[in-house]
Amino acid sequence: MNVNRKVQTLDEFTIQQLRDFPNATGELSHLLRNIGLAAKRVNVEVLKAGLVDILGDAGTINVQGEEVKKLDVYANDQFTGVLRHGIACAGIASEELDDFVAFDDAKSVKSKYVCMFDPLDGSSNIDVNVSIGTIFSVYRRVTEIGTVVTKEDFLQPGNQQVAAGYVVYGSSTMLVYATRRGVNGFTLDPSIGEWTLSHPEIKCPEKGKIYSVNHGNFFQYNENVRKYINICQNKTKGDGGPYTQRYIGSMVSDVHRNLIKGGIFMYPGTTDKPKGKLRLLYECNPFAFIMEVAGGKATNGRERILDVQPTELHQRTPLFIGSKLMMEELETYLAG
Ligand code: AHG
Ligand code: MN
Ligand code: MN
């Protein structure tokens with residue numbers, strides 16, 4: 001049997017990247033490996049999600065006598081567990097948990113990273129077999145190594161991220177992550193259970209033809225946003241158009257598509273929710289980091305997302321993110 005050695009696994013890739021940094025400890029590779037491991041476990045359950053009604057509903061007891069958890073709780077437990085037991089992470093914060101969790105055992109307090117995540121994004125789409133995802137963000141702690149992490153370690157602006165990434169549980173399962181050096185995508189080869197490099201050096205096209213926004217909220221957006229949406233609807237061939245509207249309602253899938261094909265994704269504030277819906281720390285910052293490394297841009301309408309100083313773990317922010325030139329055009333409208 002032939003072994004295709006063009007295939008590079010996630011582990012091989014992260015270790016090879018490390019070789020350029022002689023002082024690197026390998027902790028980041030370890031952390032990414034753990035995230036990849038948790039994602040594989042979540043993937044197994046996502047693939048069975050449609051069977052939940054015949055195998056037992058969330059909240060009931062399964063055949064092994066275990067309680068069947070909702071998939072987002074299951075995903076949260078997997079990511080938390082794998083990071084707690086690994087050797088690279090000193091604490092986590094998650095969409096599913098009110099407060100951050102400090103790993104205070106002797107091994108974890110010596111770890112240098114903290115991780116924030118949305119364990120299952122787009123969870124309202126699970127029941128209808130639409131792609132969902134996981135989003136994560138990694139920071140170097142600011143408190144001293146050897147101590148228990150504090151809130152300060154989590155409330156860092158996005159420009160301090162060391163790495164960020166996401167997993168799409170879609171027609172293929174993909175893990176995409178960015179460091180300052182680049183964005184790379186790995187597709188899960190289910191036959192061998194390995195993440196394999198399938199999308200090296202992802203760059204977001206400078207412009208595209210896709211705009212993604214929830215049109216149902218149109219009359220709740222401010223005038224500048226409405227004007228820009230009208231511009232998108234009226235693009236002609238001579239003007240880089242016509243544009244097409246695509247909105248799945250799973251941010252991971254929507255932004256992933258636009259990152260690869262070129263496009264713009266917006267979740268503006270509405271009259272009901274002036275700060276929009278999406279969370280700064282584990283939804284917007286990781287995507288803003290990935291998009292910028294890939295050549296694109298991300299703003300809250302007034303300021304670069306990555307420069308926002310967070311004050312709360314679960315704070316929300318409006319988000320506009322995508323291809324560089326499309327974002328620059330949008331910004332002229334947002335400026336009024
Ligand atoms: P979550 O499932 O983690 O709560 O996030 C869902 C988010 C995001 O994925 C998506 O872009 C957005 O909700 C869609 O919201 P609307 O239905 O309001 O457009
Ligand atoms: Mn989410
Ligand atoms: Mn979620």
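Order of listing sets the numbers, starting from 1, for every ligand and every atom in it.
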Practice item. For atom NZ of K273, decide whether the heavy atoms of other residues, nucleotides or ligands shown that lie under 6.0 angstrom number more than 12. Key: no
Point to revise | Protein residue, atom and distance nearest to atom 13 (O) of ligand 1, heavy-atom basis | key: K277 NZ, 2.9 Å
Review point. How close does the nearest protein non-hydrogen atom get to atom 4 (O) of ligand 1, and which residue and atom is it?
Key: E95 OE2, 3.6 Å
Study note, to complete from the structure: Of all the N, O or S atoms in D118, the one nearest to the Mn ion (ligand 2) is OD2
Check your understanding: Is there side-chain contact between I231 and Y211, with heavy atoms separated by less than 4.5 Å?
Key -> no
**Study point:** Close approach of D254 to ligand 1, heavy atoms, under 4.0 angstrom
**Key:** no
Point to revise | Within 6.0 Å of CZ in R180, more than 12 heavy atoms from elsewhere | key: yes
Exercise for review: Enumerate the atoms of ligand 1 whose separation from the nearest heavy atom of D118 is less than 4.0 angstrom.
Suggested key: 3 (O)
**Study point:** Those atoms of ligand 1 less than 4.0 Å from some heavy atom in E283
**Key:** 3 (O), 5 (O)
Exercise for review: For G122, counting its heavy atoms only, list the atoms of ligand 1 lying under 4.0 Å from any of them.
Suggested key: 1 (P), 2 (O), 3 (O), 5 (O), 6 (C), 9 (O)
Practice item. State whether the number of non-hydrogen atoms from other residues, nucleotides or ligands found under 6.0 Å of E223 atom CD is greater than 12. Key: no
Review point. What about M116 and V138, same hydrophobic cluster or not, with Ile/Leu/Val/Met/Phe/Trp/Tyr joined at side-chain heavy-atom distances under 4.5 Å?
Key: no
Practice item. Could you tell me whether V252 and ligand 1 have an N or O pair separated by under 3.5 Å? Key: no
Check your understanding: Which heavy atom of the protein is the closest neighbour of atom 10 (C) of ligand 1, given with residue, atom name and distance?
Key -> G249 O, 3.4 Å
Exercise for review: Tell me, yes or no, whether the heavy-atom count around R141 atom CZ, taken from other residues, nucleotides or ligands under 6.0 Å, exceeds 12.
Suggested key: yes
Review point. What residue and atom, counting heavy atoms only, is the protein's closest point to atom 19 (O) of ligand 1, and at what distance?
Key: Y247 OH, 2.4 Å
Check your understanding: Do V130 and V167 belong to the same hydrophobic cluster, where Ile, Leu, Val, Met, Phe, Trp and Tyr are linked whenever their side-chain heavy atoms lie under 4.5 Å apart, directly or via other members?
Key -> no
Review point. Taking the six-membered ring for Trp, are the ring centroids of F186 and F13 within less than 6.0 Å of each other?
Key: yes
Review point. Looking at atom 5 (O) of ligand 1, what's its closest protein heavy atom, distance included?
Key: D121 OD1, 3.1 Å
Check your understanding: What is the name of the N/O/S atom in D121 that sits closest to the Mn ion (ligand 2)?
Key -> OD1
**Study point:** Nearest neighbour in protein (non-hydrogen) for atom 18 (O) of ligand 1
**Key:** Y267 OH, 2.6 Å
Review point. Any N or O on N217 sitting closer than 3.5 Å to an N or O of ligand 1?
Key: no
**Study point:** Approximate separation, where rounding is to 0.5 Å, of R257 CZ and F265 CZ
**Key:** 9.0 Å
Check your understanding: Applying a strict 4.0 Å limit to heavy atoms, is L120 in contact with ligand 1?
Key -> yes
**Study point:** Where ligand 1 meets S250 - atom numbers and elements under 4.0 angstrom, heavy-atom basis
**Key:** 9 (O)
Revision key, fill the gap. Which atom of E283 is nearest the Mn ion (ligand 2), counting N, O or S only? It is OE2
Point to revise | Qualifying residue for salt bridge (Lys or Arg N to Asp or Glu O under 4.0 Å) with E329, from K235, K297, K227 | key: K235
Exercise for review: State whether the number of non-hydrogen atoms from other residues, nucleotides or ligands found under 6.0 Å of D20 atom CG is greater than 12.
Suggested key: yes
Exercise for review: Return yes when atom NZ of K107 has more than 12 non-hydrogen atoms of other residues, nucleotides or ligands closer than 6.0 Å, and no otherwise.
Suggested key: yes
Check your understanding: Got a sec: is L120 within less than 2.8 Å of the Mn ion (ligand 3) via an N/O/S atom?
Key -> yes
Practice item. Output yes if E95 passes the N/O/S-under-2.8 Å test against the Mn ion (ligand 3); output no otherwise. Key: yes
